[in-house]
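We're numbering straight along the sequence, starting at 1. What you are looking at is a predicted structure, and each value in this text was computed from that prediction instead of being measured. Note that these values count all heavy atoms, side chains included, but never hydrogens, waters or copies made by symmetry.
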Amino acid sequence: QVQLVESGGGSVQAGGSLRLSCSTSGISSRNYYCVAWFRQAPGTERERVAAIHTRSSDTIYDDSVKGRFTISRDNAKNTIYLQMDKLKPEDTAMYYCAADFCPAVSAVYTRRPGEYDYWGQGTQVTVSP
């Protein structure tokens with residue numbers, strides 16, 4: 001059974017940094033999983049921010065966060081991180097960690113929100129001007 005628990009959200013001023021953590025169980029680097037960070041602001045659709053493949057470490061980022069956010073994994077801790085730098089007010093949202101079995105590495109580039117089977121409860125990120 002895959003379980004995901006997010007942490008690390010909070011309130012920061014524009015230009016600041018936060019690191020989100022997604023503690024996972026049921027996933028290891030020997031498995032073929034896509035793990036992604038999504039975000040959703042009130043009145044908007046859930047959007048993928050970044051994703052990583054647990055076997056190959058292939059990554060993908062939304063254009064809005066390229067150069068500012070970094071997704072990474074610590075296999076020893078079974079944790080996926082999202083380092084967020086140069087935060088902007090438009091980054092304010094609830095951030096969710098999600099996972100899905102991805103036997104094909106290429107799936108990390110194409111998996112849509114509705115195709116992820118496992119979700120965490122979310123962690124709020126608020127960026128003030």
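- In the hydrophobic clustering of ILVMFWY residues, with side-chain heavy atoms under 4.5 Å counting as a link, V108 and I52 come out apart.
- Atom CE of M94 is separated from atom OG1 of T126 by 8.5 Å, given to the nearest 0.5 angstrom.
- Linking ILVMFWY side-chain heavy atoms closer than 4.5 Å, directly or via other members, places V49 and Y116 in two distinct hydrophobic clusters.
- Q83 is not listed as a side-chain neighbour of S72, based on a closest heavy-atom distance of 4.5 Å or more.
- In this structure, CD1 in I27 is found 7.5 Å from CD1 in I80, a value given to the nearest 0.5 Å.
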>> Using the rule given for salt bridge (Lys or Arg N to Asp or Glu O under 4.0 Å), can you reason through K88 versus D91, listing the C-alpha separation, both sets of side-chain angles and the distance that settles it, and then say yes or no?
In response: CA-CA 5 Å; K88 303 175 180 179; D91 295 319; over 6 Å; no
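- In this structure the side chain of L18 reaches within 4.5 angstrom of the side chain of L87, judged on heavy atoms.
- In the hydrophobic clustering of this structure, V5 does not group with V2; members are Ile, Leu, Val, Met, Phe, Trp, Tyr whose side-chain heavy atoms approach within less than 4.5 Å, directly or through other members.
- Between Y81 and S21, the closest side-chain pair of non-hydrogen atoms falls below 4.5 Å.
- Using modelled atom types, no side-chain atom of S106 and backbone atom of A104 make a donor-acceptor pair closer than 3.5 Å.
- At a cut-off of 3.5 Å, with distance as the only test, no side-chain donor of T54 or R73 sits close to an acceptor on the other residue.
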> What do the steps show when you test L82 against Y95 for side chain to side chain contact (heavy atoms under 4.5 Å, CB included), and what is the final call?
Replying inline: CA-CA 10 Å; L82 184 68; Y95 283 71; 4.3 Å; yes
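- Heavy-atom minimum distance, A36 versus A51: CB-CB, 3.7 Å.
- Distance check, rounded to the nearest 0.5 Å: CZ of R39 to CZ of R46 gives 13.0 Å.
- To the nearest 0.5 Å, the span separating SG on C34 from OH on Y118 amounts to 13.0 Å.
- Side chains of D58 and Y109 form a contact here, defined as non-hydrogen atoms less than 4.5 Å apart.
- The shortest non-hydrogen separation linking G9 to L20 is N-CD2, 3.6 Å.
- The distance between the ring centers of F38 and W119 falls below 6.0 angstrom.
- The SG atom of C97 sits 5.5 Å away from the CD atom of E6 when rounded to the nearest 0.5 Å.
- Both I71 and Y32 sit in one connected hydrophobic cluster of ILVMFWY residues. Membership requires side-chain heavy atoms under 4.5 Å apart, directly or through other members.
- At least one donor-acceptor pair closer than 3.5 Å links the side chain of D62 to the backbone N or O of S64.
- Here CD of Q121 is found 13.5 Å from OG of S7. Values are rounded to the nearest 0.5 Å.
- Proximity of P113 to R48: side-chain heavy atoms (C-beta onward) are nowhere separated by under 4.5 Å.
- Under a hydrophobic-cluster definition in which Ile, Leu, Val, Met, Phe, Trp and Tyr are linked whenever side-chain heavy atoms come within less than 4.5 Å, directly or via other members, M84 and Y96 are assigned to different clusters.
- Dense packing is recorded around CD of E90, with more than 12 heavy atoms of other residues, nucleotides or ligands lying under 6.0 Å away.
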> What do the steps show when you test D85 against R68 for salt bridge (Lys or Arg N to Asp or Glu O under 4.0 Å), and what is the final call?
Replying inline: CA-CA 5 Å; D85 298 318; R68 301 189 298 123; over 6 Å; no
